[in-house]
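Values below: every heavy atom of this structure, side chains too, minus hydrogens, waters and symmetry copies. We number each residue from 1, following the sequence as shown.
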Amino acid sequence: SLNMEVIEALEASVAQERRTRDVLRRLDALRAEFLLPDDAPRPEDVIREARDGRAGEIEQRARGS
């Protein structure tokens, strides 16, 4: 009947919302676990420094140093 279809659709929607909330809670817990301190270097700065260092090494090797 139409009533049963509406009830099933509502139950499915509620179940999906609960799963979404559970996933969001887990993500929040992970984020809190891996949160970097305020004084931590920014990832892009670390990557840039490593890239610049490798470029310097390559340049030195090319010069024969």
Side-chain angles (χ1 to χ4, degrees):
S1 75
L2 182 58
N3 283 344
M4 283 304 294
E5 287 187 40
V6 170
I7 290 170
E8 288 175 4
L10 289 172
E11 287 174 344
S13 176
V14 168
Q16 178 63 38
E17 190 171 321
R18 285 182 183 147
R19 286 190 296 271
T20 300
R21 274 197 313 258
D22 288 345
V23 168
L24 291 174
R25 262 191 244 120
R26 287 185 217 149
L27 287 173
D28 284 340
L30 285 171
R31 186 179 301 114
E33 186 176 333
F34 292 104
L35 193 62
L36 295 174
D38 291 338
D39 62 342
R42 297 180 321 167
E44 57 269 25
D45 293 338
V46 173
I47 292 168
R48 186 176 298 109
E49 184 178 326
R51 184 180 56 222
D52 292 347
R54 283 193 305 273
E57 289 176 22
I58 292 169
E59 197 172 308
Q60 283 180 348
R61 289 181 187 177
R63 291 183 192 160
S65 305

Charged N to carboxylate O below 4.0 Å: is that the case for Glu59 and Arg63?
yes
Starting at CD1 of Ile7, measure out to CD of Glu5 and round the result to the nearest 0.5 Å.
11.0 Å
Paired with Val14, the side-chain contact (heavy atoms from CB on, under 4.5 Å) test is passed by just one of Glu17, Arg18, Glu11, Gln16, namely Arg18
Pairwise side chain to side chain donor-acceptor pair (under 3.5 Å) hits with a residue in residues 30-39, at least two apart:
Asp28-Arg31
Polar side-chain atom of Ser13 near backbone of Ala9 as donor-acceptor pair, under 3.5 Å:
no
Interatomic distance, CD@Glu8 vs CG@Asn3, rounded to 0.5 Å, equals 11.0 Å
Basic-acidic side-chain contact under 4.0 Å: Arg19, Asp22:
no
For Arg25, look at atom CZ and say whether over 12 heavy atoms of other residues, nucleotides or ligands are found less than 6.0 Å away.
yes
